[in-house]
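A, B, ... follow the sequence lines: proteins, then strands. Residue 1 opens every chain.
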Amino acid sequence: MPELPEVEVTRRRLAPLLVGRTIASVETTKDSYFFLTKPPTLQLRLVGRTVRQLNRHGKYLLAELDDGDRLLLHLGMTGQLFSSAVTSPRLFSAKTRSSLTREGPPEFKADKHTHLCLHFTDGGPSVLFRDVRKFGKVLLLKSGIEDRRLGKLGVDALRATGRALFAAARARKVPIKTLLLDQAVIAGIGNIYADEALFLASVRPGRSARRVTASECDRIVAAAKRVMKRSIVTGGSSISDYVSPDGSDGGYQKERRVYARKGLPCLVCGTLIRRVVIATRSTHYCPACQV
DNA sequence: CTGTCCCTGATT
DNA sequence: AATCAGGGACAG
């Protein structure tokens, strides 16, 4: 489940593969709502373009092109962006691994879930966007055009402050976890890291946001940053669907303290971790440590 | 603000 | 065969 750390790891690994290279051709699967920009338009506008840089805001990736257009990429739930030249095939799932070439250096052969392939004029590795469930998005933004979904985003989680969270929390009576997941407040936090941050801050996910104090907001944001930075360093979390661009899975899943640990003892006090549903998302917390 | 839906694969 | 997973847009 790609959240900010997974998207940032993807950005770092993909940037050297994109920046400075010129797109020679574009291959896509058939049109679907995955393509906010239709495949023929993508072909028309991408071919011949050189990528200037690859940026990230929250869970969005933005490739800036030499004509000022920007290619917006969102991984959704199951999106994977990676090089066709796979360096660690053993870490792909068995099924995905079957799409690797047999002879020579491992290369990923586009399967039916590979919706976008960017090939480059230098003949080097291609960039592939694979997404089994198609919750991901591809959108080409014309130069100077702003996008509503980007405009709505709050401050990136790595730059967020407790003060900003507190300001939003005072006006809302939703559960604090719902607020953490609201990309318009803080961009980049998803279900896993929301649970982890609230655990580290000792705040129950279901508590009304307006009953969370300023110092608790400080703790929550600090914890969210800490846990996400740590996750970036270890290569991103990997529950089941996330694959780094080099084909490896992430290391952070070993570090989860509450997420998907229902019924297991709290690592701090031994109380059994509880699972509830908040904002239609599975939510995990320690009933003793978190108040 | 909450509920529904998009989609497919794994699990029950 | 039914249920679950959930990011985010949208309807109500």
Using a cut-off of strictly less than 4.0 Å, decide whether [X] has a side-chain nitrogen or oxygen near OP1 or OP2 of [N].
| X | N | value |
| --- | --- | --- |
| A/R172 | B/dC1 | yes |
| A/R275 | C/dA5 | yes |
| A/H113 | B/dT8 | no |

Identify whether any heavy atom of [X] sits under 4.0 Å from a base atom; if not, whether one sits that close to sugar-phosphate; answer base, sugar-phosphate or nothing.
| X | answer |
| --- | --- |
| A/T178 | nothing |
| A/Q183 | sugar-phosphate |
| A/K59 | sugar-phosphate |

**Q.** Salt bridge present between A/D66 and A/R49 (N-O < 4.0 angstrom)
**A.**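 Salt bridge flag = yes for A/R49 with A/D66.
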Q) Going by an N to O cut-off under 4.0 Å, is there a salt bridge joining A/E216 and A/R207? A)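 Looking at A/R207 together with A/E216, the answer is yes, because their closest N to O distance falls below 4.0 Å.
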Q: Spell out yes or no: do the side chain of A/R133 and the base of C/dA5 have one donor N/O and one acceptor N/O closer than 3.5 Å?
A: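 Side chain to base: pair found, below 3.5 Å.
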Q: Look at the side chain of A/K152 and decide which nucleotide, out of B/dT4, C/dA9, B/dC1, has an atom nearest to it.
A: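 Between B/dT4, C/dA9, B/dC1, the one nearest the side chain of A/K152 would be C/dA9.
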Q | Among B/dT2, C/dA9, C/dA5, the nucleotide that comes nearest once only the side chain of A/Y259 is considered | A |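 Of the candidates, C/dA5 comes closest.
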**Q.** Cation-aromatic face contact A/R257/A/F199, 6.0 Å, 45 degrees
**A.**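 No, a cation-pi geometry is absent between A/R257 and A/F199.
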Q: Using the closest heavy atom to pick a nucleotide of DNA chain B for each, name whichever of A/V132 or A/K173 lands nearer the 5' end.
A: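 Residue closer to the 5' terminus by nearest nucleotide: A/K173.
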(Q) Determine whether A/D182 and A/R172 satisfy the following criterion, salt bridge (Lys or Arg N to Asp or Glu O under 4.0 Å), listing intermediate values before the conclusion. (A) CA-CA 12 Å; A/D182 186 344; A/R172 310 266 297 266; 3.4 Å; yes
